[in-house]
Amino acid sequence: MTIVLDRIFAACSWPGRIVGWLILPLIASVCLTVLAAQLGLNVLAEWGVAVPVFGKALTVNSLLDLQWHIFALIVLFGGVYAYRDNTHVSVDVFSSALPERSRLIVRTIGDLIFLLPFCLVIAWYGASFAEKAFMTGEGSTYGGLMDRWLIKAAIPVSFTLLGISAVIRAVLTLRRIMEMRGERSSHG
């Protein structure tokens, strides 16, 4: 069972590994935006028909929106990846002085009592947030990116993955706590 849970845990963090590569287009977008601003350009390319996300043209505003979209993806999915590797930001002021077993118990309680309900609420409301953007055809009103529902859909997806990861980590941690309890009783 541990192998299956480890694979699901890894699958939940897989998008975080992929979006890490978006830093390269982010850098290119920033550089292109600065260059276009220096040259006084607004429209960088135009085409006759609307294409998904970009609409009928690539503008400086499109690039600015793209930067925020990429940053959002890196934060949302990168957070799940960092959580899996336990490299996320955490407040260990109180638990750092505790024995390992107690730290694991505190972490599990935090995951199940605080993180999991938070993920459920954000995923629930984020889904309706994305659905409303899809139904209304929400897009930029100032020449930026269209199809805002795509980036808004990343919110419930990423928080669902984080919630699944929280449950898996709690199960794996509880298993480790039980093993430690067995080790302690066999030494006693």
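- The distance from the OG1 atom of Thr173 to the CZ atom of Arg176 is 10.0 Å, given to the nearest 0.5 Å.
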Audit row: Ile151, Leu73, side-chain contact (heavy atoms from CB on, under 4.5 Å) steps and yes/no: CA-CA 8 Å; Ile151 193 64; Leu73 292 172; 3.8 Å; yes

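- Side-chain contact check for Asp111 versus Tyr83: some heavy-atom pair is nearer than 4.5 Å.
- With contacts defined as side-chain heavy-atom distances shorter than 4.5 Å, the pair Ile109/Ile113 qualifies.
- The nearest pair of heavy atoms linking Leu5 to Ile168 is O-CG2, 3.6 Å.
- In terms of heavy atoms, Pro25 sits closest to Leu22 at CD-O, 3.1 Å.
- Across Leu112 and Leu116, no two heavy atoms sit closer than the pair O-CB, 3.8 Å.
- The structure places CD1 of Ile155 at 7.5 Å from NZ of Lys152, a figure rounded to the nearest 0.5 Å.
- Cluster annotation: Ile105 and Met180 are assigned to the same hydrophobic cluster (Ile/Leu/Val/Met/Phe/Trp/Tyr, side-chain heavy-atom contacts under 4.5 Å, transitive).
- Annotation: the span from Thr160 atom OG1 to Leu120 atom CG amounts to 8.0 Å, rounded to 0.5 Å.
- Here the straight-line distance linking atom CG of Leu44 with atom CG of Leu32 works out to 5.5 Å at 0.5 Å rounding.
- Asp147 meets the side chain to side chain contact (heavy atoms under 4.5 Å, CB included) test with Pro52, Val53, Trp149, Leu150; sequence neighbours excluded.
- Atom CH2 in Trp14 sits 13.0 Å away from atom CZ in Arg84 (nearest 0.5 Å).
- Under 4.0 Å is where a charged nitrogen must lie from a carboxylate oxygen, and between Arg103 and Glu100 no such pair does.
- Annotation for Pro156 and Ala153: closest pair CD-O, 3.2 Å, computed over non-hydrogen atoms.
- Residues Cys12 and Val80 come closest through the heavy atom pair O-CG1, 3.5 Å.
- Both Phe118 and Leu161 belong to a common hydrophobic cluster when Ile, Leu, Val, Met, Phe, Trp and Tyr are linked at side-chain heavy-atom distances under 4.5 angstrom.
- Closest approach of Met146 to Phe54, counting heavy atoms only: CG-C, 4.4 Å.
- Atom CG of residue Leu174 and atom CZ of residue Arg181 lie 12.0 Å apart, to the nearest 0.5 angstrom.
- Two residues are said to be in side-chain contact when any heavy atoms from C-beta on lie closer than 4.5 Å; Asp65 and Tyr142 meet this criterion.
- Within 6.0 Å of the CH2 atom in Trp68, the count of heavy atoms belonging to other residues, nucleotides or ligands does not exceed 12.
- When side chains are defined from C-beta on, Leu76 does not count as touching Leu162, because their heavy atoms never get closer than 4.5 Å.
- With hydrogens and angles disregarded, a donor-acceptor distance shorter than 3.5 Å links the side chain of Ser158 to the backbone of Ala154.
- No path of Ile, Leu, Val, Met, Phe, Trp and Tyr side chains, each step under 4.5 Å between heavy atoms, connects Val157 with Phe71, placing them in separate hydrophobic clusters.
- Looking at Phe159 and Val121, their side chains never come closer than 4.5 Å, going by heavy atoms from C-beta outward.
- Ser29 places no side-chain N or O within 3.5 Å of a backbone atom of Leu26 that could act as its donor or acceptor partner.
- Side-chain contact check for Asn61 versus Ser140: every heavy-atom pair is 4.5 Å or farther apart.
- Think of Ile3 as one node in a network of Ile, Leu, Val, Met, Phe, Trp and Tyr side chains linked at under 4.5 Å; it has no links at all.
- Side-chain heavy atoms closer than 4.5 Å link hydrophobic residues (I, L, V, M, F, W, Y) into clusters, and following such links, possibly through other members, connects Leu66 to Trp47.
- No single ILVMFWY cluster, assembled from side-chain heavy atoms under 4.5 Å apart, contains both Val75 and Leu24.
- Under the rule for a ring-ring contact (aromatic ring centres under 6.0 Å, His included), Tyr81 has no partner lying at least two apart in sequence or in another chain.
- Side-chain contact between Ile18 and Phe77: absent, with no pair of heavy atoms (C-beta onward) separated by less than 4.5 Å.
- Between Arg169 and Arg107 there is a side-chain heavy-atom pair separated by less than 4.5 Å.
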